Undergrad: 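Dumping the structure here so I can ask a few things about it.
This structure is a prediction, so every number in the text was calculated from the model and none was measured. Positions are given from 1, in the same order as the sequence printed here. Computed from heavy atoms alone, side chains included, the values below leave out hydrogens, waters and symmetry copies. Start at 1 and go down the list; that is how both ligands and their atoms are numbered.
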Amino acid sequence: MDIQKLLRPHLIGLKPYVSARSEYSGEGILLDANENALGAVSGGDFTRYPDPLQQQLKSKIVNWLDADLSNENIFCGNGSDEIIELIVRAFCEPAQDAIMVFPPVFSMYEKCAQINNVGIQRVNLMPSFQLDLEAIKAAITPQTKVIFVCTPNNPSGNLIHFEDIKILLDSFDGVFVIDEAYIDFTKGKSAIYEIDKYPNLLVLRTFSKAWGMAALRLGFAIGSKEMIHCLNAMKMPYNVNVYTQDLALKAFENLAMFENNIDLLNVERNELEKQISWLEFVKKVYPSNANYLLVKFEDAQAVYEYLIKEQIVVRDRSYLPHCEGCLRITVGSPEENKALLGALKNFKSV
Ligand SMILES: *Cc1c(COP(=O)(O)O)cnc(C)c1O
């Protein structure tokens, strides 16, 4: 499969921007990038442009992923949101091509398509929140350039059956994106081990959820070298700032906290799931593999407004397919979860 052929025609052969620091990265008196050697007015060590390819950070990521990958299989972005937008812009010709999504799902894929005047093909998940393979196959057209699958799925929380994803992957020769923003919370099978088999596959990860670093804006994609090269050619040279790169390196020194927080959030989620399901005005709590719960209420609007009055903010997802009456509740700290449960238990008496 020639990945270059998947690009929008005018981008075929595009080369990455050559920055001063990528032409020469050695030591010496650096008078090549019009930086200001007198120092950062903000304080801190910020006078020099950061490594445009984030090689140190990528080495850590590769090491941590423990798969057969190299730095050239990794792309770092200013959040995975940036990567989603780059993918749409690289592969979808405006007013011609389309992305395919499976609602209810994370809305950023659609948002990026809309901004770029790219079509949106929607095939709802089944009520089980699994892929409707027959309907998907029937809906794919020559315009379908990028497919987005989210697993664990946001907002439903379930893992998408890996065998179903494989069936789709085997039958699609456009760009196939698997968003694993929440995979760290599960023992679910990651698609990163399929990269060598599918050069058109991109797997998305983020530091915003399990790593607790949402404000630093760091996401990454894992893919074939050809696929990653396409994204490198598209990106702005210094898309991940030096502060973020440094702190992400530090995070890898603190993996015990990463693991402990995941364990704690999973315990808290399971407890919340149980306790919420006992409330009589709750119709259903969907089982979750992530750090949130989708909950179906008899009167979601009333619960939402009541919680706002209690200064607890959850997400109304009731207008999405199969999500009628549903709120999405993020698992918070133990104190926050206790406050949520306390408030919900008082709901009836209001
Ligand atoms: C939160 C979320 C992201 C966003 O990640 P950033 O790295 O913060 O941009 C991506 N995908 C899904 C499904 C998410 O829920």
Undergrad: To the nearest 0.1 Å, how far is atom 5 (O) of ligand 1 from its closest protein heavy atom, and which atom is that?
TA: Ser80 OG, 2.9 Å
Undergrad: Does Ala214 have a heavy atom less than 4.0 Å from any atom of ligand 1?
TA: no
Undergrad: Using 4.0 Å as the upper bound for N to carboxylate O, is an ion pair formed by Lys338 and Glu268?
TA: no
Undergrad: Give the residue, atom name and distance (to 0.1 Å) of the protein heavy atom nearest atom 15 (O) of ligand 1.
TA: Tyr182 OH, 2.6 Å
Undergrad: Within the side chain of Asn241, is there an N or O that forms a donor-acceptor pair under 3.5 Å with the backbone of Pro50?
TA: no
Undergrad: Specify whether Phe129 and His322 have parallel, tilted or perpendicular ring planes, treating 30° as the upper limit for parallel and 60° as the lower limit for perpendicular.
TA: perpendicular
Undergrad: Only heavy atoms of Asp81, strictly under 4.0 Å: list the atoms of ligand 1 that pass.
TA: 4 (C), 9 (O)
Undergrad: Among protein heavy atoms, which sits nearest to atom 8 (O) of ligand 1, and what does the distance come to when rounded to 0.1 Å?
TA: Ser208 OG, 2.6 Å
Undergrad: Is a donor on one side and an acceptor on the other found under 3.5 Å between the side chain of Tyr306 and the backbone of Ala343?
TA: yes
Undergrad: Less than 4.0 angstrom from a charged side-chain N to a carboxylate O is my criterion; do Lys283 and Glu324 meet it?
TA: no
Undergrad: Using the rule side chain to side chain donor-acceptor pair (under 3.5 Å), only one of Gln55, Gln54, Lys58 pairs with Asn71; which is it?
TA: Gln55
Undergrad: Check each atom of ligand 1 against the heavy atoms of Thr206 and keep those under 4.0 Å away; list them by number with element.
TA: 5 (O), 6 (P), 7 (O), 8 (O)
Undergrad: Does Phe252 reach the side chain of Trp64, with side-chain heavy atoms less than 4.5 Å apart?
TA: yes
Undergrad: Kindly write out the residues that satisfy ring pair (Phe, Tyr, Trp, His ring centres under 6.0 Å) with Phe220, not counting sequence neighbours, or none if the list is empty.
TA: Phe207
Undergrad: Identify the protein heavy atom lying closest to atom 2 (C) of ligand 1, giving its residue, its atom name and the separation to 0.1 Å.
TA: Lys209 NZ, 2.4 Å
Undergrad: Which residue and non-hydrogen atom of the protein lie closest to atom 9 (O) of ligand 1, and at what distance in Å?
TA: Arg217 NH2, 2.8 Å
Undergrad: For Cys150, counting its heavy atoms only, list the atoms of ligand 1 lying under 4.0 Å from any of them.
TA: 13 (C)
Undergrad: Counting only heavy atoms closer than 4.0 Å, does ligand 1 sit against the backbone of Phe207, its side chain, both, or neither?
TA: neither
Undergrad: Considering only the protein, which heavy-atom contact is closest to atom 11 (N) of ligand 1, and what is its distance?
TA: Asp179 OD2, 2.6 Å
